[in-house]
Amino acid sequence: MKCLLIASESAEVLFHWSDLEYRQNIQEKYGASQEEGEGLPAFEDILSTLFAPIIISCSTLEDSYTSFTTENNHIYVLHQFDECLYIAVNGDGKEKEDDLRRNIYVLKKMIEVMFGMVTLSGNLLRKELRPQDTEQRARLWKYLQSLLETYSLLRENDQSFLVEAVERLIHPQLCELCIEFLERRLVQQLNSSAERAGEEVLHAFVLVHTKLLAFYSSRSASVLTTSDLLALIVMAQNMYPSNLDLDDTSPEDVESTSGSGPESFYTPEPSPSSRGSSGSEKAGQGEFPVFEFVDPEVQMAEDSLHTLEISPPDPSSPRRVFLEVSQKDGLYPMMPHSMYCLSLWPGITLVLLTKIPTSAVAMSVYKYLEDFDKLEKRLHEGHGGPASARSPLNIYDIRTKMDKFIKALGPSELQSAYLQNVWTEFKNRAFSKGGSGFNKELIPCCKNMKTQLCGIYRRYFLTGSVSTDPTQHLSAGLQERAQAMVQEKLMDWKDFLLVKSKRNITMVSYPFFHNIPSPYKDEVRADLTYLEDFPGLVHFICVDRSTGQMIAPSLSITERTTSELGKGPVANYIKNKVWALVRTTRRYLQKGYSTVTLRDGDFYFCYFLWFENESGYKLQPLDIPVQPDDSPPVGMLAYDYYKRLLRYYSKNHKGETVKCYELLTVHLGVIPTEIILQHCRQLASKLWEPSRNLLL
Amino acid sequence: MTSTACDCPAFLKCDAQSLRSVEGSTPRILSKCIFSLEEETHDRPLRITYGWAHAAGLKEVRGEGDPTRNGICYFYPEETPLDKQDLLCGQLAGVGRCVSELSSSSVQTLRLRRCKFAIRMKEDFFWALGCSMEVPSDSVCELLDHLINLFCFYNGSVRQSYQLNSKESLAAEWARYLFHVLSGPSELHYILRSLRTIDLTNVDPLLLLKAALILQACQRCPLVLAGCVLFRGRAVSTQMPPQLTMKVMVHESKTYTKTQRLSEASPPSSDGGPVSSTAVFLTPSELQYLQAAPVDKTSRSHSTQEKDAPPKKTRLSRTLSDTPSSESEPSHPVSRQSPQKLSFSPHLSGSEDSVFSPVPSQSTADSPNPSPVSPVRPFSNGGNSHETVEKTLDESHYHSFHSSGDEVSQIHNEADGSVFEENLYLNGGGLGGDATCETSFEVRGADCGNDLLRDDQMAAGEVEVSCSKVRGHKAETKWPPPVSCAVDSLEESPLIPMMLYMHRVNSLVLALLVEPRFMSDTASMEEVNHSSLASLNGLEAHLRAISPAAPGAAGPYLFAHYDSIQSTLTTNVSGRPGGAPEHPFVRATSLLHSHFFDTETLQEAIIRSAGTAVYGTRTVAHETYFQQHGGSVRNSGIPNQQDSAFSLPSKARHRLLKHRVNLL
């Protein structure tokens with residue numbers, strides 16, 4: 001009984017996802033108010049009709065709605081992102097308000113992944129999300145829906161998606177071996193091949209279900225953020241779902257979801273200024289005649305997308321993803337990459353991320369968008385301020401660069417011609433009276449410029465022939481060779497890896513086994529297990545938030561596998577408790593509490609968040625900012641809360657690398673509190689000792 | 001976009017329907033109400049905005065350009081520009097209606113970014129109470145319910161009130177209740193809504209006992225249901241459930257402030273003498289509770305017994321309390337009482353059925369639970385002496401027998417058992433388990449020396465559960481709906497008119513809930529007056545003599561101890577302006593309280609930020625929060641058993657003993 005929808009300000013449904021129960025419920029509601037004999041309209045139209053009063057009221061009130069609850073425990077969560085209103089509903093009590101808010105943010109992340117900087121223009125995004133062609137719309141929505149379903153499944157069953165951090169397979173030798181192979185053999189070979197069509201492999205990693213076996217980034221690549229990596233894992237899982245109950249997935253399952261159009265990645269804006277830019281940018285779209293220019297072009301672009309969709313999906317064509325790239329001169333969100341997802345065996349996937357040849361255009365577009373946004377803000381502030389005094393200087397610089405940029409794009413492209421027109425108009429207005437044209441009347445021109453820049457971006461990275469033309473990406477043969485190489489390398493490990501990923505570490509494993517550099521460790525040392533070392537400890541989760549990685553005993557509760565907690569009600573109970581604990585501690589963290597202990601039933605729960613410097617010295621805690629209830633969810637996937645927390649903390653520790661750790665434990669309630677705290681302390685220091693950093 | 005009322009067909013349709021079904025040709029009233037509580041930074045932590053909308057019917061709504069405005073019955077703050085009132089009322093009501101339709105259930109809370117609203121929709125009325133985000137949603141909902149209940153308590157059904165009275169005069173009523181609700185001493189009182197009681201630390205327990213005895217004496221009069229003694233706007237002793245006492249206190253505080261003002265202006269109080277009364281309305285469950293309460297009501301049964309007293313009773317009535325009452329009461333003429341009896345029985349039978357529905361039965365089970373620190377329940381808490389407990393227990397059994405005997409037993413035999421069983425439950429719940437039950441039996445057994453009887457009752461009690469429903473139905477069919485006192489047959493639960501009688505002695509007030517006839521029954525009035533006046537004067541003199549405890553001697557810690565059953569709050573949080581250091585504690589309490597509310601199994605919690613650590617613990621009956629001031633050794637956030645936060649439980653245990661809070 002749940003539903004998630006995106007609506008435009010005019011109550012048009014841009015996307016919806018709901019389960020059968022909710023659909024029936026809504027259809028009944030609608031049917032009751034209709035005349036007999038009429039067939040039901042499309043579901044999205046029913047939703048639009050029924051939700052219209054809410055959507056319209058949202059734009060009427062100054063202070064927008066964030067949630068409703070009803071007496072029968074239906075929960076509605078609302079969030080407005082620029083021109084799009086997201087509404088999430090739950091009527092079966094399985095999701096709480098924060099889950100719904102998280103769903104909304106994840107959906108937003110996925111949309112940004114698929115449409116990149118086009119999301120910065122409300123009008124363009126609306127057209128992307130709700131294509132005119134119903135078949136195409138159905139296909140797009142289905143793909144987004146399946147992504148959301150995959151995500152929900154992971155969040156409900158996978159601890160790494162519960163805490164939103166990446167889990168590695170704990171097997172240092174094999175990891176090392178594999179990384180070396182990726183570096184020396186695979187990536188090198190791919191990047192030196194003539195069949196790579198100008199693309200360059202930046203990152204390569206191997207996933208065993210959702211866990212990372214090996215990750216290699218080339219030297220020229222920037223760091224892949226945890227947020228992006230988690231989103232990529234969701235996409236890979238969506239493409240090759242690993243059946244949670246059965247270890248053997250049938251090949252039909254594996255192939256079912258491949259090839260549904262290009263998508264792109266988007267990462268959260270790096271700085272407040274750029275975030276502001278996107279905000280104000282989108283706020284003012286849609287009321288200018290420029291769209292009369294744009295529309296035919298948009299239509300054309302849709303047609304080209306359409307033909308792409310209809311042609312039989314080429315399994316070798318990559319997905320367009322937009323990832324955050326950090327350069328020396330700053331952060332660039334939403335930079336285009338191609339993602340190749342190659343299934344080695346069911347459950348084991350090789351993912352390659354490449355830089356595409358035209359990515360420089362994206363960087364320029366982003367820079368100009370930022371410039372025009374700044375300019376617009378200054379114009380809003382009015383003339384006479386210090387901003388306007390400085391802006392002419394900047395603008396002359398922009399002017400020369402822009403001229404060059406447009407020249408470089410070449411006039412042949414239709415979209416470039418539009419940009420050229422708008423740019424000429426802008427120049428005429430702004431520079432005609434010797435620079436006195438910089439006043440509020442210029443704001444519409446700024447907006448037009450931004451829209452046109454988004455259009456260029458869209459043309460290049462979403463609808464252009466880049467992704468459809470087989471000569472524009474790694475050739476199928478090259479991909480096959482890469483796949484075969486890794487398969488060959490991992491052949492002997494395959495079964496081990498599949499089992500290992502289910503029982504990565506357990507409470508009865510030997511926790512400190514891996515840290516001795518000797519190859520004969522298991523002979524020389526018989527370590528205590530977690531269970532023996534920490535009597536009374538039931539479960540724990542440790543997260544290194546600075547690297548976005550987590551470690552926890554496996555807790556898979558399925559029909560077939562059994563954890564040492566057993567199976568059935570007890571194991572399920574503990575699993576539910578762990579899930580609830582994470583939710584609770586997030587709530588407290590949001591309100592500024594970084595240490596929480598709870599005595600709940602027969603268990604004692606602890607949660608700690610702390611900061612260290614690089615050498616492991618514990619840093620003084622700082623009052624963590626208190627956030628309002630409707631703030632973005634605490635996590636790393638859709639919104640990197642911890643990155644912001646670290647940035648906030650680092651302000652007081654300039655020049656020091658600050659690390660952030662979290663520890664959650666579940667103990668039996670009969671254990672004295674002092675012992676529990678002692679355990680937590682030991683566990684914390686043992687797990688994250690620099691020497692035994694399991695996670696590279 | 002003007003107003004959703006116009007844009008939203010669902011909204012209009014729904015109202016139209018409800019209107020049609022409710023009223024025929026009488027003026028159609030479509031009403032809404034908005035309150036919103038906004039945060040203010042300085043002297044008062046919270047401020048309520050609140051409003052009543054009152055709109056005309058469907059046709060008028062379409063005809064007039066501005067429908068919402070006419071529908072607003074009350075809006076707080078009253079100085080809010082009408083346009084703003086319109087906008088807020090229109091939008092909230094429209095969206096509330098829409099969401100209710102989508103979910104087939106009425107909206108409970110509605111949150112904006114900076115403000116949250118509790119919403120109630122009943123018939124075609126719409127209430128909204130808004131407040132700052134820091135107050136837990138459950139507390140806001142409770143607060144709104146309390147406001148509405150207050151209104152109903154003093155005015156009867158909302159619909160009828162608006163038919164009979166002008167919007168303006170009722171707006172004044174709302175303002176009064178709101179003012180009262182908002183006059184809580186600190187923000188904590190919004191989170192843990194509680195009854196204001198006198199400070200027990202420096203009151204001689206004997207005085208409490210005395211107050212309890214006054215109330216018991218008054219109850220001898222059959223027309224008196226229950227009462228409470230209040231001193232300077234705070235409860236000294238009460239026989240009513242906390243919710244009801246809170247309602248009564250609103251009236252008291254009004255007269256209190258009035259007399260204060262008068263006494264400032266002109267020394268002798270000329271406010272129509274010390275005795276006053278006002279009409280009030282009880283809900284069936286409240287009435288049921290009061291009638292089921294373990295008090296001595298021999299007299300009441302006495303008068304009707306003359307007709308159909310079963311022989312059992314004479315045996316059971318051999319208790320101390322029984323003797324004087326039977327002497328003092330016989331003056332009441334039977335003829336006057338029997339019609340009253342008749343008009344009342346329907347409610348009784350109806351409400352008795354509701355004993356088995358979850359909500360009322362819970363309240364009855366909870367309410368009489370005496371705690372060791374109870375200030376307000378002296379009849380069971382007379383608890384200092386064994387004798388009183390036994391006596392009370394005995395009386396309760398006795399009462400249950402009688403009430404069943406004379407009111408329901410003629411309908412069905414099992415009725416005996418039903419009431420009996422319920423009282424067993426009461427006592428069991430109240431005094432902590434079967435052991436007590438056992439004792440009570442022994443006491444009673446010793447009294448009448450009849451074990452056989454006891455077995456019979458047990459059996460009857462067991463049978464009763466299964467057939468209670470059937471009996472309820474029978475009762476309903478037998479007794480037609482009580483039109484005579486039902487205010488509005490469409491109300492969920494018909495309200496029963498009663499009188500609130502108040503006797504003021506300077507700052508002390510004796511408030512009694514009495515049956516309406518009481519005010520015309522000079523004999524009863526005189527008797528009550530007679531039996532209480534001297535004691536009241538004495539009590540007042542004693543209470544006045546107590547010097548108010550020096551405020552501000554707070555100590556190096558903050559705490560709040562909430563008794564959820566008696567709704568009392570003991571705390572050293574002052575809520576004075578400039579209480580900024582207290583804010584983190586209040587915030588943590590609010591968070592922990594809603595966590596306790598959500599998670600049944602949670603027993604204790606410690607939460608810590610860099611500067612503050614707060615410990616919270618709860619049992620079935622209590623919630624306690626504790627924070628140690630200063631000296632908080634700044635830890636590094638890592639797990640560390642030396643961290644001062646983890647010594648909070650033992651410190652709390654130690655420190656709070658002084659405040660009569662036992663955490664062991």
Side-chain angles (χ1 to χ4, degrees), chain A residues 26 29 33 50-54 56-57 59-61 63-74 76 89 91 580 584 587-588 591-601 606 608-611 618-624 626 628-630 661 663 673-674 677-681 683-684, chain B residues 1 3-4 7-11 13 87-88 91-92 94-116 119 133 137 587-588 591 595 599 601-613 617 634-641 643 645-646 649:
Chain A
I26 282 290
K29 290 259 149 50
S33 63
L50 292 179
F51 278 86
I54 300 177
I56 288 162
S57 182
S59 49
T60 314
L61 274 191
D63 192 4
S64 56
Y65 301 107
T66 59
S67 75
F68 311 123
T69 60
T70 65
E71 273 166 21
N72 59 356
N73 289 323
H74 283 218
Y76 293 70
V89 187
T584 305
R587 168 108 187 112
Y588 282 116
K591 297 297 170 195
Y593 299 96
S594 56
T595 300
V596 178
T597 67
L598 307 168
R599 184 178 295 283
D600 185 348
C606 297
F608 299 93
L609 176 139
W610 72 97
F611 299 93
K618 315 284 185 288
L619 300 171
Q620 280 293 306
L622 202 69
D623 268 320
I624 291 168
V626 179
D629 287 353
D630 64 322
Y661 296 96
L663 174 69
T673 323
E674 303 81 59
L677 293 168
Q678 206 178 323
H679 280 177
C680 292
R681 194 183 171 82
L683 202 57
Chain B
M1 221 119 311
S3 145
T4 20
D7 302 320
C8 155
F11 170 65
K13 193 189 72 195
L87 181 76
L88 199 62
Q91 297 301 316
L92 292 195
V95 164
R97 197 64 79 180
C98 175
V99 173
S100 301
E101 290 228 316
L102 276 171
S103 294
S104 328
S105 164
S106 52
V107 175
Q108 207 164 24
T109 64
L110 191 155
R111 266 195 263 165
L112 303 179
R113 229 179 273 151
R114 286 183 290 275
C115 174
K116 64 169 87 162
I119 306 279
M133 297 306 286
S137 301
R587 217 162 51 83
L591 268 178
H595 192 187
T599 316
T601 46
L602 184 65
Q603 296 149 41
E604 57 175 41
I606 299 169
I607 56 174
R608 174 193 236 307
S609 62
T612 332
T617 178
R634 288 218 147 201
N635 79 334
S636 53
I638 54 155
N640 181 355
Q641 57 268 48
D643 188 337
F646 302 117

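Residue numbering restarts at 1 for every chain, and letters A, B, ... go by the order of the sequence lines.
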Honestly, the part of V89(A) sitting under 4.5 Å from a heavy atom of chain B is neither
Flag, side chain of T69(A) to backbone of T109(B), donor-acceptor distance under 3.5 Å
yes
Compare all side-chain heavy atoms of T595(A) with those of I606(B) and state whether any distance is below 4.5 angstrom. no
Nearest heavy-atom approach of P53(A) to V95(B) is O-CG2, 4.2 Å
CD (Q108(B)) and CG (N73(A)) are apart, to the nearest 0.5 Å, by 7.5 Å
When every non-hydrogen atom of F608(A) is compared with those of I638(B), the smallest separation belongs to CD2-C, 4.1 Å
Value for CG (D600(A)) from CD (E604(B)), rounded to nearest 0.5 Å, stands at 11.0 Å
Under 4.5 Å to a heavy atom of chain B? For Y76(A) that would be side chain
The reported gap from CG in D630(A) to CE in M133(B) (rounded to nearest 0.5 angstrom) is 6.5 Å
Looking at R681(A) and P639(B), would you say the former's side chain and the latter's main chain have a donor-acceptor pair under 3.5 Å?
yes
- Query: Side chains of L110(B) and Y65(A): closer than 4.5 Å at any heavy-atom pair?
  - Reply: yes
Per-residue tally against chain A (heavy atom, under 4.5 Å) across S103(B), A605(B), A588(B), S100(B) peaks at S103(B)
For D623(A) and G611(B) the tightest heavy-atom approach is OD1-N, 3.6 Å
Among S64(A), C680(A), G592(A), the residue with the most heavy-atom pairs under 4.5 Å to chain B is S64(A)
One should read off an interatomic distance between L677(A) CG and F646(B) CZ, to the nearest 0.5 angstrom, of 4.5 Å
Looking only at V596(A), I26(A), I624(A), L663(A), most heavy-atom pairs under 4.5 Å shared with chain B are made by V596(A)
If you tally heavy-atom pairs under 4.5 Å between each of T599(B), I119(B), L102(B), V107(B) and chain A, the highest tally belongs to L102(B)
Note: Y593(A) and R587(B) closest approach over all heavy atoms is OH-NH2, 3.7 Å
Query - Q603(B) side chain to G601(A) backbone, donor-acceptor under 3.5 Å - result: yes
The interface call for N72(A) against chain B, heavy-atom contacts under 4.5 Å, is both
Assert top hit (heavy-atom pairs under 4.5 Å, partner chain B, pool R599(A), H679(A), K29(A), E674(A)) equals R599(A)
One should read off an interatomic distance between S105(B) OG and E71(A) CD, to the nearest 0.5 angstrom, of 5.0 Å
Highest number of heavy-atom pairs under 4.5 Å with chain B among T66(A), T584(A), D63(A) belongs to D63(A)
Okay, S137(B) and chain A: the region with an atom under 4.5 Å from a heavy atom over there is neither
- request: Could you walk me through whether I607(B) and K591(A) pass side-chain contact (heavy atoms from CB on, under 4.5 Å), step by step?
  value: CA-CA 10 Å; I607(B) 56 174; K591(A) 297 297 170 195; over 6 Å; no
